[in-house]
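One structure is given here, and the rest of the page talks about it.
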Protein chains: 2
Amino acid sequence: MDNLEEILSLDNNGKHVNAAKGSTLQTAGAQSNRAFYVKKGLLRSYTIDSKGKEHIFMFASEGWLIADIESQEFEQAAELFIDCLENSELIIFNRSCFKIANLSVPQLKKNAHLLARRTAVLQRRVIMLMSASAQERYQHFLETFPKLPNRVPQRMIASYLGVTPQALSTIRGRLAKKS
Amino acid sequence: MDNLEEILSLDNNGKHVNAAKGSTLQTAGAQSNRAFYVKKGLLRSYTIDSKGKEHIFMFASEGWLIADIESQEFEQAAELFIDCLENSELIIFNRSCFKIANLSVPQLKKNAHLLARRTAVLQRRVIMLMSASAQERYQHFLETFPKLPNRVPQRMIASYLGVTPQALSTIRGRLAKKS
DNA sequence: AGCAACCATTCATCTAGATTAACAAATGAC
DNA sequence: GTCATTTGTTAATCTAGATGAATGGTTGCT
């Protein structure tokens with residue numbers, strides 16, 4: 001048994017829900033610390049900075065788990081907003097489901113794999129943000145998430161990459177001309 | 001028992017070694033995927049980009065574990081260099097010590113906490129890189145790692161922050177004047 | 001259908017931080 | 001100690017990408 005959905009559902013704590021495109025699941029500042037497993041659809045998590053600008057932290061499509069790990073680990077108010085980019089089917093887990101002390105051995109193992117995978121993705125993201133140009137980051141994004149561009153507006157990809165929509169548009173124009 | 005050193009040493013697979021300041025523990029491109037627990041001293045991990053520029057990914061002082069999680073998770077050649085910034089006492093673990101399948105329950109739990117903590121730190125780092133100015137990142141660094149500035153050359157802090165040493169010097173000048 | 005909101009593109013301008021360079025201070029090797 | 005290397009600082013330019021604004025294309029609401 002290595003299906004995430006099965007493993008997480010072992011204790012039947014997850015609540016199955018449908019969420020409409022545009023609905024908000026978590027608001028920064030609130031105390032609600034839940035995790036969302038995406039059975040179908042697409043979510044995003046993001047911050048809003050002091051100037052009111054959105055910065056997308058991650059996208060989560062089918063089979064992904066999205067949560068504000070930082071707030072949960074340090075027991076702080078949420079820093080991330082989470083909302084639906086498509087009508088989605090979710091399983092919602094509350095904090096206690098992920099309390100390491102409470103987990104069974106298969107859950108612990110699955111959890112360790114999930115975290116390791118996530119850490120690996122973040123390691124790459126940090127390195128890209130520090131060392132690569134906007135164009136390189138865009139090309140890396142296309143390679144890593146080839147299906148997302150069809151489902152996500154340009155401006156959100158720009159937000160994920162850490163550039164403005166205008167800059168991304170210019171980059172795309174440059175790449176199109178080149179080929 | 002929640003001391004990392006004890007937990008990790010349960011199976012006696014860790015090798016205790018002393019490493020001199022300046023010595024290299026891991027080279028990007030090599031296959032050696034080990035983890036280093038710092039008993040004493042200070043390590044760093046970093047990449048070198050296509051233009052030959054170094055980018056520090058993390059510092060690890062007493063009690064920290066440093067490793068190239070991305071390469072290990074995806075079973076690739078190392079992407080990070082790891083070396084000593086001070087004479088250090090280390091415990092070196094090889095890959096198999098962290099194979100999730102092999103771990104005992106207390107090791108699994110410790111591992112989950114370690115990864116969650118690391119993920120949380122990386123989440124914050126990504127958000128800072130996307131949304132904060134160089135000066136804000138520097139101030140956040142000082143708050144988060146108040147002891148490191150005394151042990152690490154300025155230029156390495158700049159590298160960690162993703163700016164040039166000149167830019168950091170200017171920021172420091174500006175902050176000093178202000179206060 | 002008709003209107004409003006949102007979205008992507010293009011262009012002109014601006015700015016944070018990179019680059020280059022010169023110099024002083026600290027560190028280390030012998 | 002002396003000399004060489006590395007480090008931090010300051011200042012003059014340069015540039016990737018931000019900002020602001022105008023335009024046309026989509027999407028969605030009623």
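Keep in mind that the numbers below use all heavy atoms, side chains included, and drop hydrogens, waters and symmetry copies. Because the structure is a prediction, the values reported are computed rather than measured. In what follows, chains are A, B, ... by sequence order, proteins preceding strands, each numbered from 1.
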Assert yes or no for the condition that the ring centre distance of B:Phe141 to B:Tyr160 is strictly below 6.0 Å. yes
Give, for atom CZ of A:Phe36 and atom CG of A:Leu43, the distance between the pair rounded to the nearest 0.5 Å. 8.0 Å
Hey, does the side chain of A:Lys53 come within less than 4.0 Å of D:dT19's phosphate (OP1/OP2), counting only N and O? yes
Mark yes or no for a side-chain to base donor-acceptor pair under 3.5 Å between B:Gln166 and C:dT20, with no hydrogen or angle criteria applied. yes
Figure out the [atom1]/[atom2] separation between [X] and [N], and round it to whole Å.
X        : N      : atom1 : atom2 : value
B:Met130 : D:dG17 : CE    : P     : 16 Å
B:Arg174 : D:dT9  : CZ    : P     : 13 Å
A:Ile171 : D:dA18 : CD1   : C1'   : 12 Å
A:Gln135 : D:dT15 : CD    : P     : 17 Å
A:Lys51  : C:dT15 : NZ    : C1'   : 12 Å
B:Glu54  : D:dT6  : CD    : C1'   : 13 Å
A:Leu175 : C:dT9  : CG    : P     : 12 Å
A:Arg172 : C:dC7  : CZ    : P     : 15 Å

Between [X] and [Y], does any side-chain N to carboxylate O distance fall below 4.0 Å?
X       : Y       : answer
B:Lys40 : B:Glu86 : no
B:Lys15 : B:Glu89 : no
B:Glu62 : B:Lys39 : no

Nearest to the A:Ala167 side chain among D:dA18, D:dT10, C:dT10, which nucleotide is it? D:dA18
Would you say the side-chain atoms of [X] and [Y] include a donor-acceptor pair closer than 3.5 Å?
X        : Y        : result
A:Asn33  : A:Glu75  : no
B:Gln107 : B:Ser104 : yes
A:Gln123 : B:Asp68  : yes

Scan nucleotides 22-30 of chain C against the protein and return all N/O pairs shorter than 3.5 Å with their distances rounded to 0.1 Å.
none

Kindly state which residues belonging to residues 150-165 of chain B come within less than 4.0 angstrom of DNA chain D, counting heavy atoms of the residue only, listed by number. B:Pro153, B:Gln154, B:Arg155
Output side-chain donor-acceptor pairs under 3.5 Å for residues 51-59 of chain A, partner residues at least two apart or in another chain, one line each.
from: A:Glu54; atom 1: OE1; to: A:Arg44; atom 2: NH1; distance (Å): 2.8
from: A:His55; atom 1: NE2; to: A:Asp49; atom 2: OD2; distance (Å): 2.8

